[in-house]
Amino acid sequence: MKLSQVLNHTNQVERSKFVNCIDKLCQDNKDDPDLVKQLDKIDGQLKSASGNEITQLFTLIQKHFKKHIVEQVAIGGPQVSLLINILARDGNCIATVPWIESLYAKEYQEIDKLSRELIEEIDNRETNDFERYHRLEIYRDCMTAAYTNDLKSNRSAKISEDERSILNVLSERLGLSREEVHAIEHTIDPIPELGIENALEYLREHGIILINRRRSEVMVADEVVEILHDVIGKEIHDKYALRILRSLTDGELSNVLKNHGYKIRGVDRQDKIATITHSGLSIRSILMNDVHADDATQNQRKERIKQLIEDMDLNVHKIGTRLQDRIEVIINFLRTSEEEEFNILSVSGYKELLEKLSETLPNVDHRLRADFEIENKEAIDPERLKALSITPLDILYLYSNDEVKTIRNDLGLPRRGNPRSQIIDSFASANDRLIENYHLLASRDLQGLHSAGIDIKEGDIGIKFEEATRSILEQLGMNVDEDLRKDINTAKDKADIIVSLENDDVIIGEVKSFKNGQFAKYASTSRQVKAYVKRCEANGHRVAQALIVAPGFSEDFIDAADMDTDINISLLEAEGLQKILTAYKQRRNPNFSPKLLTKGGLLKADLISKSI
C-alpha cells in the first residue's frame, strides 16, 4: 500500500510518530533547498499537513530516512532485525498483530534449528578447504569480533551500524544467504523467542511502521518496504526472484543448491525453487555465477542471460554488452514493472482471473495464503491483493510452468508464445470489450451485449457496470480507493465508488444502470448519497463532490440535483464518460484532472474531452 493510502487509513494519533520522525529529519536537514521550499508551503506546520504534503516531504528525505532506519536497526537488536525481515516480505506489509506474532514464532523456530545445525557442522568439519562451512566459520568469527569489541571499552556488546555494513559486504562476498546470516547471528546474539510487542512499539515509535489500533493492524508503506530491502541487502522482491527461478532449468537450479551446500538428490523442481527463494540468496550472484557451469566462458554466460530475458518476455530496448549489464537489465525491469502490471487488468478483469484460477488444484486462494503468508481470515480479492502489491502476473508465477500451460490450453488460447502473457492478455481483452460496450451495460441491453460477444447474465449487469466504471476512472488516472470504500461501507449503506483526492478529500461515485428511458429516481438516490457523505465525514474525509453516472437523466432529476443545497452533485451520462476515456487515450500527453468532474450539474462530456 502506498504511503498516501496508509496515511488515509490512519488517524492523526496513529500517524503521529511517523510525522514526528519526518519532522525531525526535516529539521536536521534544512540545508536541502528542495526540502525548505516544500516546508515553506505548509509554513513548517507538519502536524497539520495533508497526507499528500507529508508524502511529498517523505520523497525528499528518503535518503535521510534510510540512514535513520539503519541507525534504529543497529540499536534495536536482533528481535527488531528479525521483525523487519518478516515485514519486508511480500504479502506482510499489512497484517494484524496476532498474525505477525505467529509468523515470528515460525521464523524463530526455523532460525533456532538452523543455527544449531550450522554450529554442529562447523565444529565437526574435518577439512580446511574453502568450502561452505569454512566460509560460515569465517563469518561467525568476524561477527563475534564485531559483537564483543565493545566489551573491551567497558560498553554493552552490540554490532554498530558501521560494523553491520562491513558484515553485509562480507556475507555477500562469501556467498552466504540471509537465512544463514540470521542463524549465525542467533548463536552470538540470541533472538528473544517471545514478547514482540515491545519490538513493534519500537518500530512504531521510530516511524518505520504505523498501527491502526481499531483493526490491530500493522502497516508498512510500499516506499518504506523498498528502503528496508535496501537496508537488509535484498536486491528484489521474493516474487520477482521466483519469476527468475521459474525460468531456469532443473540443472541450473541444482547448480545453485549445490554451490550453497543444499541437498539436491531426490529433491523435485518445486522444492528446489522454494528452498532457494526462502534462503535469501543474492539473485545477482545466482545469475552471475551459480546457474553457469564452472567451465562456461564469458560469452556463454552472456548468451544464457540474453536467453533468460527472452524466456521471461521482458520488454526491454537494450540488454547491454557485459554480463553485469544484462543482469542489471533484468533486475531494473522487475523493480519498475509493478505499476504497469496492475494497469494491465482492471479490477473486473483481475476478479475474473481469480475466479478462473479458483478451479485449479490446489486453488489460487490456498497458493496465495501459503506463498504470501496471508492470514486466513483476510478476504482474497483484487482490492486486498493490490494493497499487498500482488499483481495478476505475480499470481500466475505461483503456478509451475506446466500448470500454466494447462491453464492456457483450458482457456483455448494459442499454444505458441509465453503462456502467462497470453492468459493476462485474454482477460484484458475481455475487460476491453466491456468498456467498449459500456453504454450497453448502462442501459441494461442484454441482447446488444450478447451480440457483441459478451456472455453475461442479466442479474450481473449492475455489478459489471460498477466494475467497468471503476476501471474507466482508474484508466483516467484517478485513485479509486477500494480500501476506504470498505472502511465507510456498512451492511445498510454501500457506496459504489470512492475516489481519493488530495488533502483527504474524496469524490463519492454512484452508478445507476437503467432500462428504457432516463433515470428519474432523485429522492431515493440523494438519500443514498447523503448517507455515504455522513459516513465519509465521520471517518475524517471531506466530500468534494458526489458523482452520479447513469445512461441518461430526466429533466426533473437534473433540476432537483441543481437545487439540492445539502450536497454538491455532478451528473454524467455513461456515453459521456466513455467519450472522455476515448479522448484521454487518443492524446499523447493527456491533461485530465478529477476537478473536471466536480463542476456540478449535468457535465458536458464534449467540453471535458476537448480540454484533456
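Just so it is clear, the model here is predicted, and its values are computed rather than measured. Basis for what follows: all heavy atoms, side chains included, without hydrogens, waters or symmetry-related copies.
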Chemist: Are H9 and L484 close enough that some pair of their side-chain heavy atoms sits under 4.5 Å apart?
Modeler: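 When only atoms from C-beta onward are counted, L484 and H9 do touch, with a gap below 4.5 Å.
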Chemist: Heavy-atom distance under 4.5 Å between the side chains of I54 and F18, does that happen here?
Modeler: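 Yes, at least one pair of side-chain atoms sits under 4.5 Å.
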Chemist: Between the side chains of D222 and S389, is a donor N or O closer than 3.5 angstrom to an acceptor N or O?
Modeler: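 Yes - a donor-acceptor pair under 3.5 Å links their side chains.
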Chemist: Hey, are T391 and E338 close enough side-chain-wise for a donor-acceptor pair under 3.5 Å?
Modeler: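 Judged by distance alone, the side chains do not pair up.
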Chemist: Using modelled atom types only, decide if a donor and an acceptor are shared between the side chain of Q79 and the backbone of L194 within a distance under 3.5 Å.
Modeler: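 Answer holds: yes.
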Chemist: Between N168 and S165, is any side-chain donor less than 3.5 angstrom from a side-chain acceptor?
Modeler: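 No - no donor-acceptor pair under 3.5 Å links their side chains.
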Chemist: Check whether any side-chain heavy atom of L210 sits under 4.5 Å from a side-chain heavy atom of V224, and report yes or no.
Modeler: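 When only atoms from C-beta onward are counted, V224 and L210 do not touch, as no gap falls below 4.5 Å.
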Chemist: Are a donor atom and an acceptor atom from the side chains of E375 and T96 found within less than 3.5 Å of each other?
Modeler: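 Yes, side-chain donor-acceptor contact under 3.5 Å.
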Chemist: According to ring pair (Phe, Tyr, Trp, His ring centres under 6.0 Å), does anything in residues 175-218 pair up with another residue at least two apart or in another chain? List the pairs.
Modeler: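 Qualifying pairs: Y108-H186, Y202-H206.
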Chemist: Under a plain distance cut-off of 3.5 Å, with no hydrogens placed, do R420 and N401 share a side-chain donor-acceptor pair?
Modeler: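 There is such a pair between these side chains.
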Chemist: Looking at side-chain heavy atoms only, is the closest gap between L248 and N255 below 4.5 Å?
Modeler: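 Side-chain contact under 4.5 Å: no.
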Chemist: For the residue pair L167 and Y139, what are the closest heavy atoms and their distance?
Modeler: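 Looking at all heavy atoms of both residues, the closest pair is O-CE1, 3.5 Å.
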